[in-house]
Amino acid sequence: MLRVSGLITTLASDPPVSGAIGGNMYFKAVSRAFGALSVLTLSAIAAPVFAQDSEAEELAARFGARPSVLDISLSPSGNKIAYISSDNATTELLYVVDLTSNPEPQLITSLDDANAELTSCNWANDVWLVCNVLGMSVVDGQTPIYISRLLSVATDGSKPNLLTSRDSTRARGIQQNGGRVLALDVEGEENRILVTRQFLEGTALGTRLGNADPGLGVEMIDVTKNRRRTVEKPDEEASRYVADENGEIRVKVRSLMDTRGQLAGEYRYFYRKPDSDKWEPFAEDLSSFRPVNVSAKDNIAYGYMRKDGVWALYGVPLDGTGEVKEVAARGDVDADGLLTIGRKQRAVGVSWATEKRQVEYFDSDLAKLARGLQNALPGKPLISIIDASADENTLLIVASSDVDPGMTYLLERDTKALSPLLPLRDPLVERQMAPMKPINFSAADGTEIPGYLTLPLGADGPVPAIVLPHGGPGSRDYWGFDWMVQFFAARGYAVLQPNFRGSAGYGEAWFGRNGFKAWDVAIGDVNDAGRWLVKEGIANPDRMGIVGWSYGGYAALQSQVVDPDLYKSVVAIAPVTDLRLTIEEARDYTNFQVTREFIGEGPHLKEGSPANFAERFKAPVLLFHGTLDMNVGYLQSRRMEDRLQDAGHPVKYVEYEGFDHFLDHGQVRGNMLLAIDNFLTEHLGE
């Protein structure tokens, strides 16, 4: 049977990884201040078309629209920026702006494939960009998979080149992994970058056409000539490599497989000493260490380990001593992001999310800069330093908050010149948003559950309300802008987002046995969120519904099984409805065993599956699902629809042909928001 790589992101609960500053909140990006130019013109961007038939249609179109800026980056000199926008549908558009001469965005290339998306671009040098494409395909006529590819694109408009190596027609298997950039700068190697490569086994073994060493390796590629050479031989169990700031590969992660080619859920970590080609395992007492970044200057690997059940950031010298140094830790929440800056990914801080995002900088100058910007900009927004020019003098800043989707700014550190660039969501510029307030409510057993409450502007007395549980369960909600929350608030609903037990980010004890094995605890907290809204006089009990996506959709449906009188309408987007089916859906993927272990065996498989209890439902149900969903198969929603219909219960199901779990299409999301609004108005209206 064919086994293909699979990752059910809604189920995973892994330690965080490193990224550009603010990477967990936004995307990798960089930029530069430039003379008198203040805000880049958006005239080159295809603006979404908004229906004007009603306020609901217009709001659904605006809030459902794809972000105006999907990704943004800066050339090493700081003289050019590149950013990705879209036509609000399936076409991504790559623009370049020359900050020294012509501030008008120039369209470099576009991708109009409905099953592929241009996700990010980074500068290899001042002429060439390296871009990532994520696509979807179907193998064996039934199994959807993700496929990634790397492209090189020149700013002179030359035809893009495929950087992902082309495997022989004799190769066995499918090249899903098109490579990941490990280093944009390699010491002593001009115009060359380091990229991972998935080597496939060849069928003509023993000949020059064969390859007996499949696995993940590393190539050095000259982006100007598309020439390559292997610098790290493939390892069949390798899943990740980490390079230092000089472009030396210093860490390797192996994901162990069983004899059937399935992931075992176990990892091994290896490192190299300076100027050595030998891989050495981390000491046994570092078996739980998760390295994510390497500093050659300090000869240290940064990574995560549990401290009293909570993820903390540590540093381990790569000298064989096994010495561990605690870098940053809290007792209440996980460290959720190592912040790095610039092309060399210099580690400069760590972030946590308590009630709001907090950053502890290792770099005192950046800490002072971030505080100054927060105090200087209106509303004291969250400040994310997304990236930097090669000399780190020029920074791209994203300032955002619960009532601001985000604005990019260009900062010159030497002159302290700050210039606004592009709003992240142009259709929502200058629209007044509803504030999001951190709250706590008591569960039935007295446990205090954290969450976020957003009230519609001008709310007075009990109002219609929505409980909005997050996906996952290995996830959590954060304070900040949320397009669905703000749409519902604009339509007059109070919205409560509970970080129920089973949520990630609060340590092992809070995550517990996870929200499937301990579904009764998680769903109990979700229902207690609704009861709290009524008790506090916020919600009208006859006008309260529940809406959720992925695990949140599961929680919305299962809430009816537990207390069918609480919510008067249920909306579930891409929901899990049958736990046994969820396990079976992973059978053709390499993470089958991991998924089966995560969900577990026992009575909860039946008791925790809402499709088994359709007869208990009292509230009408609205379902949405994409047919290429690789996280939760669309048959889950079809099964729920069938069971509810068999029970004579009102249900509506909207299926989006050819879309995945995220429904990342402005018109689709606008359509979905409008359908939800009509459904809620019908069942929660006065």
Side-chain angles (χ1 to χ4, degrees), residues 5 14-18 165 175 177-189 192-201 211-221 228-259 261-305 313-325 327 338 340 344-345 347 590 594:
S5 297
D14 296 319
V17 297
S18 64
S165 58
Q175 190 178 48
N177 180 358
R180 184 174 70 88
V181 176
L182 300 179
L184 292 169
D185 291 319
V186 180
E187 190 171 13
E189 300 284 354
R192 290 172 172 82
I193 63 175
L194 288 184
V195 176
T196 60
R197 174 182 172 181
Q198 180 187 7
F199 289 82
L200 300 179
E201 185 177 18
N211 173 33
D213 297 312
L216 191 68
V218 180
E219 292 184 327
M220 184 181 294
I221 302 178
R228 66 190 68 235
R229 63 182 175 89
T230 301
V231 296
E232 184 66 36
K233 293 181 180 179
D235 180 333
E236 193 165 12
E237 291 189 318
S239 58
R240 186 163 58 89
Y241 294 93
V242 181
D244 63 24
E245 67 267 34
N246 298 323
E248 294 289 333
I249 304 167
R250 300 294 303 279
V251 167
K252 176 170 67 173
V253 181
R254 302 184 78 194
S255 300
L256 303 188
M257 311 282 284
D258 63 19
T259 56
Q262 295 175 344
L263 291 170
E266 299 179 20
Y267 304 90
R268 298 291 183 269
Y269 301 87
F270 301 83
Y271 70 95
R272 280 176 173 154
K273 295 177 182 178
D275 304 317
S276 173
D277 292 331
K278 180 182 178 182
W279 286 115
E280 302 186 39
F282 280 92
E284 288 187 8
D285 58 349
L286 292 176
S287 60
S288 64
F289 180 60
R290 306 291 190 262
V292 294
N293 179 274
V294 176
S295 168
K297 176 177 176 292
D298 301 318
N299 193 34
I300 191 172
Y302 290 100
Y304 301 95
M305 285 196 302
L313 182 67
Y314 289 85
V316 176
L318 301 182
D319 57 9
T321 63
E323 179 184 356
V324 181
K325 177 184 177 182
V327 178
L338 174 67
T340 62
K344 296 183 179 294
Q345 297 294 284
T590 57
V594 175

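The figures that follow rest on heavy atoms only: side chains count, while hydrogens, waters and symmetry mates do not.
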Taking the side chain as C-beta and beyond, is there a heavy-atom pair between [X] and [Y] under 4.5 Å?
X    : Y    : result
V324 : L286 : yes
D213 : F199 : no
M220 : V186 : yes
I300 : V294 : no
R268 : P281 : no
L263 : S255 : yes

Between [X] and [Y], which heavy-atom pair has the shortest distance, and what is it?
X    : Y    : value
P214 : L200 : CB-C, 4.1 Å
Y302 : A347 : CE1-CB, 3.8 Å
A183 : G247 : CB-CA, 4.0 Å
E323 : P317 : O-CD, 3.0 Å
L318 : Y271 : CD2-CB, 3.8 Å
Y241 : D235 : OH-CB, 3.9 Å

Measure from the side-chain N and O atoms of [X] to the backbone N and O of [Y], and report whether any donor-acceptor pair falls under 3.5 Å.
X    : Y    : answer
T196 : R180 : yes
S295 : D298 : yes
Q175 : Q198 : yes
E245 : A296 : yes
N293 : Q345 : yes
R250 : R272 : yes

Side-chain donor-acceptor contact under 3.5 Å, N177 with R197: no

Just by distance, no angles: are the side chains of R290 and Y267 close enough, under 3.5 Å, to form a donor-acceptor pair? no

Aromatic contact between Y269 and F289, with the criterion being ring centroids under 6.0 Å apart: yes or no? no

Begin from the C-alpha positions of V181 and L194 and carry the test side chain to side chain contact (heavy atoms under 4.5 Å, CB included) through to its verdict. CA-CA 6 Å; V181 176; L194 288 184; over 6 Å; no

Separation between CG (L313) and OH (Y304), nearest 0.5 Å, reads 5.5 Å

One pair to check against side chain to side chain contact (heavy atoms under 4.5 Å, CB included): V195 and L182. What are the steps and the verdict? CA-CA 6 Å; V195 176; L182 300 179; over 6 Å; no

Salt-bridge contact [X]-[Y] (side-chain N to carboxylate O under 4.0 Å):
X    : Y    : value
E237 : R254 : yes
E280 : K278 : no
E189 : R229 : yes

Could you please spell out the steps behind the side chain to side chain contact (heavy atoms under 4.5 Å, CB included) verdict for K344 and D185? CA-CA 7 Å; K344 296 183 179 294; D185 291 319; 4.0 Å; yes

Decide side chain to side chain contact (heavy atoms under 4.5 Å, CB included) for V231 and I249; before the verdict, give the C-alpha distance in whole Å, the side-chain angles of both, and the deciding distance to 0.1 Å. CA-CA 9 Å; V231 296; I249 304 167; 4.3 Å; yes

